[in-house]
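Protein chains get the first letters and strands the later ones, always in sequence-line order, with residue 1 at the start of each.
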Number of protein chains: 2
Amino acid sequence: MTDKDFLKKIGGNITRIRKQRGYTINFVAQKCEIEKSNLIPIEKGRINTTCLTLLKIATALEIDAQEFFK
Amino acid sequence: MTDKDFLKKIGGNITRIRKQRGYTINFVAQKCEIEKSNLIPIEKGRINTTCLTLLKIATALEIDAQEFFK
DNA sequence: ACAGAAGGTATTATATATCATACCTAAAAT
DNA sequence: ATTTTAGGTATGATATATAATACCTTCTGT
């Protein structure tokens with residue numbers, strides 16, 4: 001698995017689960033207390049985010065962070 | 001789960017699996033191509049590492065990154 | 001037609017992860 | 001006793017994630 005594919009997998013999982021919840025990017029960003037200018041590239045797999053940012057997103061999506069790696 | 005506890009969980013899982021494999025920190029750091037001055041504080045839960053560093057460590061430990069989050 | 005919502009991009013500033021290196025201690029091996 | 005190995009810390013430099021903000025496009029609702 002390449003680095004790029006790995007980040008795209010994580011981002012894609014975040015997008016998929018967010019949409020399953022019916023949440024918008026702005027809503028999740030507010031709930032996480034992160035900026036959408038950070039969240040959007042994470043979902044796109046463009047940036048190599050950190051454990052704690054994943055924890056914030058997972059908490060906002062009411063899910064375990066490990067789900068993002070499946 | 002606090003931020004500190006989350007990072008300690010991840011670091012503890014890395015240490016546990018590394019020792020199960022009988023690998024030293026130096027060996028894993030070399031295999032990962034990361035510095036031990038980076039790996040040690042990750043295992044201790046002192047730094048908030050990134051997805052790609054977790055991927056490198058998981059690959060060196062022959063495991064899926066999601067194991068670190070369990 | 002217009003207003004608002006939603007996704008997305010660009011830029012600058014700041015915080016911090018990582019690298020590279022040197023050094024230390026304790027324990028084990030010889 | 002000395003050397004080696006393993007874990008760990010300290011520091012300065014560099015790369016990059018994140019914050020904060022402004023702006024853009026498309027689509028939907030009115």
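- Taking atom CZ of B:Arg18 as the reference point, atom P of D:dG7 lies 5 Å away to the nearest angstrom.
- Side chain of A:Asn48, nearest nucleotide from C:dG7, C:dA17, D:dA17: D:dA17.
- In this structure, the CD1 atom of A:Ile10 is 14 Å from the C1' atom of D:dA17, given to the nearest Å.
- The listed nucleotides are D:dA19, C:dG7, C:dA17; the one nearest the side chain of A:Ser37 is D:dA19.
- A donor-acceptor distance shorter than 3.5 angstrom exists from the side chain of B:Lys9 to the backbone of B:Phe69, with no hydrogens or angles considered.
- We find the NZ-CD1 distance between B:Lys19 and B:Ile25 to be 7.5 Å, quoted to the nearest 0.5 Å.
- In this structure, CD1 of B:Ile47 is placed 6 Å from P of C:dA17, rounded to the nearest angstrom.
- Between the CG atom of A:Leu39 and the P atom of D:dA17 there is a distance of 15 Å, given to the nearest Å.
- We find that CD of A:Glu43 is positioned 11 Å from C1' of C:dG8, with the value rounded to whole Å.
- Among the protein residues, B:Leu52 comes within range of no part of the nucleic acid, since none of its heavy atoms lies under 4.0 Å from any strand.
- Across C:dC19, C:dA6, D:dA19, the shortest atom-to-atom separation from the side chain of A:Thr24 is found for C:dA6.
- Counting non-hydrogen atoms under 4.0 angstrom, B:Ile25 reaches the backbone sugars and phosphates but no base.
- Within the nucleic acid shown, A:Glu33 comes within 4.0 Å of sugar-phosphate atoms alone, with no base atom in reach, counting heavy atoms only.
- Listed for the A:Asn48 side chain is no donor-acceptor partner under 3.5 Å among the backbone atoms of B:Thr50.
- Remark: C1' of C:dA5 and OH of A:Tyr23 are 18 Å apart, rounded to the nearest angstrom.
- Residue B:Thr53 has a polar side-chain atom (N or O) positioned under 4.0 Å from OP1 or OP2 of C:dT18.
- Toward the 5' end of DNA chain D, the nearer of the two residues B:Lys44 and A:Asn38, judged by each one's closest nucleotide, is B:Lys44.
- Protein atom CG of B:Asn26 is 15 Å distant from nucleotide atom C1' of C:dC19, rounded to whole Å.
- At the phosphate of C:dG8, neither OP1 nor OP2 sits under 4.0 Å from any side-chain N or O atom of A:Arg46.
- The NZ-P distance, from B:Lys36 to C:dC24, rounds to 13 Å in whole Å.
- Between A:Lys31 and A:Glu62 there is a salt bridge, with a side-chain nitrogen of the basic residue lying less than 4.0 Å from a carboxylate oxygen of the acidic one.
- Under the 3.5 Å distance criterion, the side-chain polar atoms of A:Thr53 are left unmatched by any main-chain donor or acceptor of A:Thr49.
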